[in-house]
Amino acid sequence: MKILQVFNQYRLRGGEESWVEKIPDLVGDAAEVEELRFSSVDWIGNNAPSLFRQALLIGDNPASRAALRANAARFKPDVLLFHNIIPVGSFGLYQESKALGIPVMQYTHNFRPFSPSGTLWTGKSMCDAALQGNFWPEILGGAWQGSRIKTAILAWHLHRARRNGLLDCVDRWIAPCKFMLEKFSDAGIPREKISVLPHCWHAGDTEPDNQELGYYLFLGRIVAEKGVFDLIKSWKILENQLGDSCPELVIAGDGPEMNQMRELSVSLKKIRLVGFVDGEEKLSLIRHCRALVIPSICWETLGLTAYEAYAASRPVIATRSGALKETVLDGHTGWAHEAGNANDLARAVMNAENVGSAQRYQRGQQGREWLKHHASPEKWRNEFLRICRDVVARANVGF
């Protein structure tokens, strides 16, 4: 089995890029995997195409199509595995794959085939109107790159892609959760063309000890849709209620809303901003937290940070939305709260405080057991390869 991954790298590194890089190792010797990568950074700076030219190339980029043809001729893949292909890769890659006669699997890391922002976030709230072809909420919110004009241009290309049947070039959609299956089905993708395959995580062979310290941890991008402002409000509530006995909140991450975060948290004694972390520093923060907090307003399509917490036997406090409803089990592996509700988030944290260290550790251990059972690398690899073989077989018999 030969698999060619096609990925348009974002301006900033994120979870999707990490997953693309992880797939070859996960598949191992069972298949040969190569990658064709484009980069959004190429459209920034003096050597970038003009903005007018970029607006046209999103729909069909001849250079990107030529790169796909060349890689296909050299590598001779059995299947193409598309991730994000916008903007530099272009929608033309769907047409090119059809012309090459190579079946396509599309990973649904987000809602990009239908949503200009990729997240259904309008800049102020979640809105799934784009799933039915109504892009105006996201356009008016300037949801893509903070620009109404750019959002409108991408929305136009999304409309054309659906109208011209380009999404029909996808033989199989891979959804990381049942929630995504339902949303893509609502958008008109036939359910039989969607396979649910949650991401995997290696939990490690050594059972982590209970090493918690006196803080809760937020780990992620500092943007409004991640619920960071509700997080600040909830800690203000906790400080008012508990005074000096209020637990500390460590916020690890960076993003466009960082300056506003600093302004809002400067008057709070129990909030510590540590910026972007990675490697051992990140692992140490996870291992020693009382619980990981995921207050996302947006509909997370998986929430890999929950996996990271479970691997360290740490529980999770998360919103009841998106895939988090499938990965964070209220009362078992953590605590759930209503998205966008700072009071309910404060209540969930208080509940985590009240059960004590031993029960927090127990829920973290239950999360670790859930992770080993539901998200083992072996289970992912077997199912992924089964899907690949099924897609190739169906293509060969003309389904």
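Numbering of residues begins at 1 and proceeds along the displayed sequence.
Look at Asp25 and Lys22 and you find no salt bridge, because none of the NZ, NE, NH1 or NH2 atoms lies under 4.0 Å from a carboxylate O. In summary, Arg360 and Glu212 engage in a salt bridge, as defined by a charged side-chain N under 4.0 Å from a carboxylate O. The residues Glu257 and Lys226 are annotated as not salt-bridged, no charged nitrogen and carboxylate oxygen being separated by less than 4.0 angstrom. With salt bridges taken as basic N to acidic carboxylate O contacts below 4.0 Å, one links Arg287 and Glu280. Electrostatic pairing of Arg386 and Asp390 does not count as a salt bridge here, judged by no charged N lying under 4.0 Å from a carboxylate O. Lys183 and Asp128 are joined by a salt bridge, as a carboxylate oxygen and a charged side-chain nitrogen come within less than 4.0 angstrom of each other. A salt bridge does not link Lys269 with Glu239: every distance from a Lys NZ or Arg NE/NH1/NH2 to an Asp or Glu carboxylate oxygen is 4.0 Å or more.
The two residues Ala339 and Ser321 come nearest to each other via the heavy atoms CB-OG, 4.4 Å. The two residues Ile317 and Ala348 come nearest to each other via the heavy atoms CG2-CB, 3.9 Å. The two atoms that bring Trp43 and Ala48 nearest to each other are C-CB, 3.3 Å, heavy atoms only. When every heavy atom of Leu154 is checked against every heavy atom of Pro116, the shortest pair comes out as CD2-O, 3.3 Å. Between Phe184 and Asn110, the closest heavy-atom pair is CZ-O, 3.6 Å. In plain terms, the two heavy atoms of Leu68 and Ser97 that are nearest each other are CD2-N, 4.3 Å.
Arg160 has its side chain out of reach of Phe91: every pair of non-hydrogen atoms, C-beta onward, lies at least 4.5 Å apart. Side chains of Pro208 and Arg368 form a contact here, defined as non-hydrogen atoms less than 4.5 Å apart. Put simply, the side chain of Cys200 does not reach to within 4.5 Å of the side chain of Lys379, judged on heavy atoms. Counting heavy atoms from C-beta outward, Asn341 and Ser234 have side chains that stay 4.5 Å or more apart. Counting only heavy atoms from C-beta outward, the side chains of Met180 and Phe111 approach each other to under 4.5 Å. Thr327 places a side-chain heavy atom less than 4.5 Å from the side chain of Trp370. Between Trp335 and Val355, some side-chain heavy-atom pair lies under the 4.5 Å cut-off. Leu231 is not listed as a side-chain neighbour of Tyr216, based on a closest heavy-atom distance of 4.5 Å or more.
With a 6.0 Å cutoff to the six-membered ring centre and a 45° limit on the axis angle, Lys325 does not count as a cation-pi contact of Trp299.
In this structure a side-chain-to-backbone donor-acceptor pair under 3.5 Å is present from Glu326 to Lys178. Between the side chain of Gln5 and the backbone N or O of Val20, at least one donor-acceptor pair lies under 3.5 Å. Ser117 contributes no side-chain N or O that, together with a main-chain N or O of Ala143, makes up a donor-acceptor pair within less than 3.5 Å. In terms of modelled atom types and a separation under 3.5 Å, the side chain of Ser64 and the main chain of Val88 share a donor-acceptor contact. Looking only at distances, no side-chain donor or acceptor of Thr122 sits under 3.5 Å from a matching main-chain atom of Glu138. In this structure, Arg272 contributes its side chain and Val250 its backbone to no donor-acceptor pair below 3.5 Å.
The closest side-chain donor-acceptor pair between Ser40 and Asn8 falls under 3.5 angstrom.
Residue Leu81 holds its CG atom at 5.0 Å from CE of Met105, rounded to the nearest 0.5 Å.
Relative ring orientation between Trp19 and His199 is described as parallel, the plane-to-plane angle staying below 30° on a 0-90° scale split at 30° and 60°.
Heavy-atom neighbours of Asn354 CG from other residues, nucleotides or ligands within 6.0 Å: above the threshold of 12. More than 12 non-hydrogen atoms from other residues, nucleotides or ligands lie less than 6.0 angstrom from NZ of Lys270. Counted within 6.0 Å of CG on Leu140, heavy atoms from surrounding residues, nucleotides or ligands total more than 12; the atom is thus considered enclosed. In Lys193, the NZ atom is crowded: over 12 heavy atoms of neighbouring residues, nucleotides or ligands sit closer than 6.0 Å. Under a cut-off of 6.0 angstrom, the local environment of CG in Asn47 is sparse, with at most 12 non-hydrogen atoms contributed by other residues, nucleotides or ligands.
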His83 and Tyr10: CA distance, side-chain angles, deciding distance, ring-ring contact (aromatic ring centres under 6.0 Å, His included) verdict: CA-CA 11 Å; His83 300 275; Tyr10 297 93; over 10 Å; no
Apply side-chain hydrogen bond (donor to acceptor under 3.5 Å, both in side chains) to residues Arg37 and Gln9 and explain how you reach the verdict. CA-CA 7 Å; Arg37 181 175 293 219; Gln9 181 179 347; 3.3 Å; yes
Side chain to side chain contact (heavy atoms under 4.5 Å, CB included) for Arg320 and Asp344? Distances and angles first, verdict last. CA-CA 11 Å; Arg320 297 186 192 90; Asp344 200 38; 3.7 Å; yes
Given Lys372 and Glu378, is the salt bridge (Lys or Arg N to Asp or Glu O under 4.0 Å) satisfied, shown in steps? CA-CA 10 Å; Lys372 289 191 291 186; Glu378 294 78 16; over 6 Å; no
Checking Arg112 against Glu16 for the salt bridge (Lys or Arg N to Asp or Glu O under 4.0 Å) test, could you report, in this order, the C-alpha distance in whole Å, the side-chain angles of both residues, the deciding distance, and whether it holds? CA-CA 12 Å; Arg112 176 49 62 75; Glu16 181 173 343; over 6 Å; no
